[in-house]
Trainee: 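Provided herewith is a single structure, encoded as structure tokens, for subsequent inquiry.
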Amino acid sequence: MKVSLNVNGKAREIDVPRRTTLLAALRDDLGLVGTRYGCGAGQCGACFVLVDGRAGASCLMPVEQAASAYITTIEGLANGDQLHPLQEAFIAEDAMQCGYCTSGMIVGAAALLARDPKPTDAAVRDALATNLCRCGVYVRAIRAVKRASRAMAAAPRKTAERSRA
């Protein structure tokens, strides 16, 4: 079955069997392996991608359903070689250990910051609650999201200051 997807701002056409999940299409057909297979039941968050701006479990979404949506993966958050502020913050806060859950956490945090640019600690905890991390980096992940929030809030000011100079 031929399916057209909009992934990371690019139209992509793939030919996949019926009942293929978005996760399988991303990894196997498009080579976007940053999104992970975790539990296969939408319970761990490792497979989260942005679907029309909301974090969603790609392991549960049929690729046919994804065809009508804008999909953003962990790879699509960066702008070329420039990492997204969340990616930079996760590195700065050392908010990963084995790294398996990291892409899903960052994607979930991106959805949070898009709807709430200055979240409380409780809001960050709630947003990351759907991401299971066996290594226990939750405290560092919360710090990373808060750091990214501050960096994203400061970015427009830096741009404005440069334009005045």
Side-chain angles (χ1 to χ4, degrees), residues 6-9 21-24 26-27 30 32-61 65-66 68-164:
N6 184 320
V7 179
N8 298 332
T21 64
L22 176 58
L23 176 62
L26 292 171
R27 293 182 60 82
L30 299 178
L32 298 170
V33 296
T35 304
R36 311 276 197 225
Y37 179 88
C39 66
Q43 299 295 310
C44 71
C47 70
F48 278 9
V49 296
L50 295 178
V51 181
D52 292 331
R54 297 181 58 146
S58 63
C59 71
L60 296 179
M61 180 174 280
Q65 182 181 349
S68 64
Y70 291 98
I71 307 299
T72 305
T73 67
I74 187 71
E75 294 92 344
L77 290 179
N79 184 7
D81 290 339
Q82 180 63 46
L83 294 177
H84 186 280
L86 275 163
Q87 293 166 314
E88 291 177 343
F90 267 67
I91 292 167
E93 292 293 341
D94 197 24
M96 62 201 88
Q97 193 161 327
C98 79
Y100 205 82
C101 67
T102 307
S103 62
M105 278 196 184
I106 291 174
V107 166
L112 168 67
L113 293 180
R115 69 178 182 274
D116 183 0
K118 295 181 181 179
T120 63
D121 287 356
V124 175
R125 277 193 302 275
D126 286 347
L128 297 182
T130 54
N131 296 88
L132 299 180
C133 174
R134 294 178 68 184
C135 302
V137 300
Y138 297 108
V139 172
R140 289 179 278 171
I142 292 166
R143 280 197 317 254
V145 174
K146 298 292 280 193
R147 176 188 282 242
S149 171
R150 290 188 303 273
M152 292 166 74
R157 279 185 260 143
K158 288 180 182 177
T159 303
E161 288 169 8
R162 278 189 223 135
S163 66
R164 283 188 218 134

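The residues of the chain are indexed from 1 along the displayed sequence.
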Trainee: Of all heavy-atom pairs between Gly42 and Leu60, which one has the smallest distance, and what is that distance?
Mentor: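 That closest heavy-atom pairing would be CA-CD1, 3.7 Å.
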
Trainee: Distance check, rounded to the nearest 0.5 Å: Leu32 atom CG versus Thr72 atom OG1?
Mentor: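 If I round to the nearest 0.5 Å, the distance is 11.0 Å.
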
Trainee: Donor-acceptor pair, Ser58 side chain versus Cys47 backbone, under 3.5 Å?
Mentor: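 Here the side-chain-to-backbone pair exists.
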
Trainee: Can you tell me if OH on Tyr100 sees more than 12 non-hydrogen neighbours from other groups inside 6.0 Å?
Mentor: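 Counting other residues, nucleotides and ligands, OH of Tyr100 exceeds 12 neighbours.
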
Trainee: Quick one: list whatever passes side chain to side chain donor-acceptor pair (under 3.5 Å) with Gln87, sequence neighbours left out.
Mentor: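 Applying side chain to side chain donor-acceptor pair (under 3.5 Å) to Gln87 gives none.
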
Trainee: Please walk me through it: do Val145 and Leu86 pass side-chain contact (heavy atoms from CB on, under 4.5 Å)?
Mentor: CA-CA 6 Å; Val145 174; Leu86 275 163; 4.2 Å; yes

Trainee: Pair Val7, Tyr70 - check side-chain contact (heavy atoms from CB on, under 4.5 Å), show working.
Mentor: CA-CA 6 Å; Val7 179; Tyr70 291 98; over 6 Å; no

Trainee: Is the closest side-chain heavy-atom distance between Cys59 and Leu23 below 4.5 Å?
Mentor: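 Result yes, sub-4.5 Å side-chain heavy-atom pair found.
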
Trainee: Which pair of non-hydrogen atoms, one from Phe48 and one from Ala55, has the smallest distance, and what is that distance?
Mentor: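 Between these two residues, the closest heavy atoms are CD2-CB, 4.0 Å.
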
Trainee: Taking atom CD of Gln43 and atom CG of Leu132, what is their separation to the nearest 0.5 Å?
Mentor: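 Rounded to the nearest 0.5 Å, the CD-CG separation comes to 8.0 Å.
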
Trainee: For Asn131 and Gly45, which heavy atoms make the closest approach, and how far apart are they?
Mentor: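 Closest pair (atom of Asn131, atom of Gly45, distance): ND2-O, 3.4 Å.
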
Trainee: Using atom types as modelled and distance alone, determine if a side-chain donor or acceptor of Arg36 lies under 3.5 Å from a backbone N or O of Cys101.
Mentor: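 Side chain of Arg36 to backbone of Cys101, a donor-acceptor pair under 3.5 Å: no, none is there.
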
Trainee: Compare every heavy atom of Gly38 with every heavy atom of Cys44, then report the nearest pair and how far apart it is.
Mentor: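 That would be SG-CA, 3.7 Å.
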
Trainee: Is there a side-chain contact (heavy atoms from CB on, under 4.5 Å) between Leu30 and Thr73? Walk through the geometry before answering.
Mentor: CA-CA 11 Å; Leu30 299 178; Thr73 67; over 6 Å; no

Trainee: Please list every donor-acceptor pair under 3.5 Å in which a side-chain atom of residues 106-117 meets a protein atom from a residue at least two apart or in another chain.
Mentor:
| from | atom 1 | to | atom 2 | distance (Å) |
| --- | --- | --- | --- | --- |
| Arg115 | NH1 | Ala111 | O | 3.3 |
| Asp116 | OD1 | Lys118 | N | 3.4 |

Trainee: Taking all non-hydrogen atoms of both residues, which atom of Val124 and which atom of Lys146 are closest, and how far apart?
Mentor: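 Smallest heavy-atom distance, with atoms named: CG2-CD, 4.0 Å.
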
Trainee: With a 4.5 Å cut-off on side-chain heavy atoms, are Ile91 and Leu83 touching?
Mentor: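 Heavy-atom side-chain distance check passes, below 4.5 Å.
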
Trainee: Taking all atoms of both residues into account, what is the closest heavy-atom pair of Ala127 and Thr130, and its distance?
Mentor: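 Taking Ala127 first and Thr130 second, the nearest heavy atoms are O-OG1, 3.7 Å.
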
Trainee: Between Arg147 (side chain only) and Ala89 (backbone N and O only), is there a donor and an acceptor less than 3.5 Å apart?
Mentor: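 Such a contact is absent between Arg147 side chain and Ala89 backbone.
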
Trainee: Treating Ser103 as the side-chain partner and Gly34 as the backbone partner, does any N or O pair qualify as donor plus acceptor under 3.5 Å?
Mentor: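 Side chain of Ser103 to backbone of Gly34, a donor-acceptor pair under 3.5 Å: yes, one is there.
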
Trainee: Carefully, step by step, assess Met105 and Met96 under the rule side-chain contact (heavy atoms from CB on, under 4.5 Å).
Mentor: CA-CA 10 Å; Met105 278 196 184; Met96 62 201 88; over 6 Å; no

